[in-house]
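One structure below.
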There are 2 protein chains.
Amino acid sequence: MSEVARPTLSDALTERMLELIRTGGHRPGDRLPSTRELSQRFAVTTPTLREALRRLEATGAIELRHGSGIYVGAAIERLVLPNPNMREIRTAQLLELLDARILIEPPLAALAARHAGSEELAALKHALDEASRHLGGEDAELHDANMTFHRATARMAGNSVLHEVVDSLLTVHGPEQREIQQIFDDRRRDHDEHLTILEAIEARDAARAEERMRAHLMDVKTVVEHRMKSPR
Amino acid sequence: MSEVARPTLSDALTERMLELIRTGGHRPGDRLPSTRELSQRFAVTTPTLREALRRLEATGAIELRHGSGIYVGAAIERLVLPNPNMREIRTAQLLELLDARILIEPPLAALAARHAGSEELAALKHALDEASRHLGGEDAELHDANMTFHRATARMAGNSVLHEVVDSLLTVHGPEQREIQQIFDDRRRDHDEHLTILEAIEARDAARAEERMRAHLMDVKTVVEHRMKSPR
DNA sequence: ACATATCAAGTGATCTAATCACTTAATGGC
DNA sequence: GCCATTAAGTGATTAGATCACTTGATATGT
């Protein structure tokens, strides 16, 4: 199993597609040649080409739009990806995931407090405005707004790799996050904790932003642990 | 582009494959039914099935072995993956990646010092023994041993999610790591720094392990920065 | 009895040629 | 100018076949 399998034609096609994207200077969103043209250009049949395309699609390098064409995907420039096949997180994994966030996100909140630009700050506020608008109602929208808040904070830190890591962690346990949101005994409390993080970032108080973020995530972890001990 | 594309048959097949793996209680390495059987069972043609299989293969959920069969892949249980399409890291990204490692790996070294078990410690030592054997010779082997050291340290920390993150970061910039190894002015120095980390972990000195790891990675970053300022 | 070589069966990999389903742009009518 | 229809181009899938590889079984030789 440690042996490298013999390269297939489909492997070679994947490489050639990546090269075509790179040498063509294509950016995410750019349209690529059609499958008919590509299969001709590479002298292969469309089912074989499509195998390569599906592979690239699965990793976000391209998007196939039925009837429209093939487009370069946003994830082509990423280093780290969320596993798209994750359907259910084991309980032990969930706690480890929260611990990972507890290790990574507080220092990022501190960096965000140091780097805060006005546009990014506006995005952060907007996310919390959205969240506050949904406090009394829609679960999905509240959840999205809260995740946007965490993502925006990670982005503000100015390290794209760590932002990708946080994004991946948030993405991969979206369903569990929704469940956590539902068992968190006070949506208001969650929101208030987010607000204290925002205040610290606005005040450029790195230490406080870090401490607030850590307290928030540990609060979440505590709630999850309690839930695990007394499932309802 | 924010619209969810219409689900294809191939999408559905991907889901059904994941379900088959899950409900079958399959573990990584287990053999799955053949493509002929699967295409019959799912009532689709083999090119369509193969699109789904390629998608799963790209994300490590399965392995296709020509002439042998389809096997469950190790990455099926992962949350975070290295982007397999990454061929070249931009310079700015490389520094951010090193910063990400500087944020994540030192606390993991501290955790490793607290959790060190005898088997894991042996693996760590083995990695450094391997590295010392290749100090005067093979680049690839030295590189592999050094990466094994970092991976083993992250694993010892006992958080599988963070281990995946570190593994992803190390995997995705393997080529750059090799280059860094070549420009690092003293292989001995690199090795010695690894040894001080090992000593701290053996001594269960969490603070020192963390400090040694941070110093080591910042040393690496410094070298890279110098290289960027005066390319050779 | 054991080791080696050969063959058969089962496996993944790719092709050919076609049809189906969707999107977008162009054209015509009001 | 707006709306509806049509045509062209696009991705999605099929059916049926052949090719390339692996593994296990069988036969042969020592």
Side-chain angles (χ1 to χ4, degrees), chain A residues 1-17 20-21 24 26 28-74 76 84, chain B residues 1-17 20-21 24 26 28-74 76 84:
Chain A
M1 201 185 291
S2 52
E3 289 262 333
V4 179
R6 161 198 135 114
T8 63
L9 188 51
S10 168
D11 294 332
L13 289 175
T14 303
E15 291 303 318
R16 295 186 70 175
M17 281 298 302
L20 180 153
I21 293 170
H26 291 297
D30 287 1
R31 190 172 177 287
L32 299 171
S34 70
T35 55
R36 282 175 178 82
E37 188 179 328
L38 289 171
S39 58
Q40 277 196 333
R41 187 185 299 190
F42 296 146
V44 297
T45 61
T46 65
T48 304
L49 176 78
R50 291 182 61 84
E51 290 189 22
L53 295 180
R54 285 297 186 206
R55 185 185 268 143
L56 291 166
E57 183 191 43
T59 46
I62 64 171
E63 285 175 49
L64 304 185
R65 292 194 212 140
H66 189 171
S68 175
I70 308 169
Y71 298 83
V72 179
I76 196 163
Chain B
M1 199 187 290
S2 52
E3 288 260 333
V4 179
R6 160 196 136 116
T8 62
L9 188 50
S10 168
D11 293 334
L13 290 174
T14 303
E15 290 304 317
R16 294 185 70 176
M17 282 299 302
L20 181 152
I21 293 170
H26 290 299
D30 287 1
R31 190 173 176 285
L32 299 171
S34 70
T35 55
R36 282 174 178 81
E37 186 178 330
L38 289 171
S39 57
Q40 277 196 332
R41 185 185 300 191
F42 296 145
V44 297
T45 62
T46 65
T48 304
L49 177 78
R50 292 181 62 81
E51 289 188 22
L53 295 180
R54 284 296 184 204
R55 186 186 266 144
L56 291 167
E57 185 192 40
T59 45
I62 64 170
E63 286 175 46
L64 304 185
R65 292 194 213 138
H66 188 172
S68 176
I70 309 171
Y71 298 83
V72 179
I76 195 163

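All chains are named by letter (A, B, ...) in the order of the sequence lines, taking the proteins before the strands, and each is independently numbered beginning at 1. Computed from a prediction, not measured in an experiment: that's the story for all the values here.
For the pair B:Arg54 CZ and C:dA13 P, the interatomic distance rounds to 5 Å; values are reported in whole Å. Protein atom CG of A:Leu9 is 11 Å distant from nucleotide atom P of C:dT16, rounded to whole Å. With rounding to whole Å, B:Tyr71 atom OH is found 11 Å from C:dG12 atom C1'. The distance from atom CZ of A:Arg31 to atom P of D:dT10 is 6 Å, rounded to the nearest whole Å. Atom CG of A:Leu64 is separated from atom C1' of D:dT10 by 11 Å (rounded to the nearest Å). For B:Leu13 and D:dA12, the CG to P distance is 13 Å, given to the nearest whole Å. If you take CD of A:Gln40 and C1' of D:dG11, they are 16 Å apart, rounded to a whole angstrom. If you measure from atom CG of A:Leu38 to atom C1' of D:dT10, you get 12 Å, rounded to the nearest angstrom.
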Show your reasoning for whether salt bridge (charged side-chain N to carboxylate O under 4.0 Å, His left out) applies to B:Arg65 and B:Glu63.
CA-CA 6 Å; B:Arg65 292 194 213 138; B:Glu63 286 175 46; 3.6 Å; yes
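Within the 4.0 Å cut-off from OP1 or OP2 of C:dA13, at least one side-chain nitrogen or oxygen of B:Arg50 is found. Contact annotation: B:Thr35 reaches the phosphate of C:dG12 (side-chain N/O to OP1 or OP2, under 4.0 Å).
Relative to the side chain of B:Thr48, the nucleotides D:dT14, C:dT14, D:dG11 differ in distance, and D:dT14 lies closest. Distances were taken from every side-chain heavy atom of A:Ser68 (C-beta onward) to each of D:dT14, C:dC15, C:dT24; the shortest belongs to C:dT24. Listed nucleotides D:dG11, C:dG12, D:dT14 differ in distance to B:Ser34; the shortest reach to its side chain belongs to C:dG12.
Using modelled atom types, no side-chain atom of A:Thr48 and backbone atom of A:Val44 make a donor-acceptor pair closer than 3.5 Å. Remark: the backbone N or O of A:Thr45 is not paired with any side-chain donor or acceptor of A:Arg50 at under 3.5 angstrom.
The base of C:dG10 has none of its N or O atoms less than 3.5 Å from a complementary donor or acceptor on the side chain of B:Arg36. Side-chain atoms of A:His66 and base atoms of D:dA12 include no donor and acceptor less than 3.5 Å apart.
Between B:Glu37 and A:Pro47, the residue anchored nearer the 5' end of DNA chain C, judged by the nucleotide with its closest heavy atom, is B:Glu37.
Summarising the local packing, CD of B:Gln40 is surrounded by 12 or fewer heavy atoms from other residues, nucleotides or ligands at distances under 6.0 Å.
Residues A:Arg55 and A:Leu13 have side chains not in contact (no heavy-atom distance under 4.5 Å, counting atoms from C-beta outward).
Counting non-hydrogen atoms under 4.0 angstrom, B:Ile70 reaches the backbone sugars and phosphates but no base. B:Thr45 comes within 4.0 angstrom of a nucleotide base, judged by non-hydrogen atoms across all strands.
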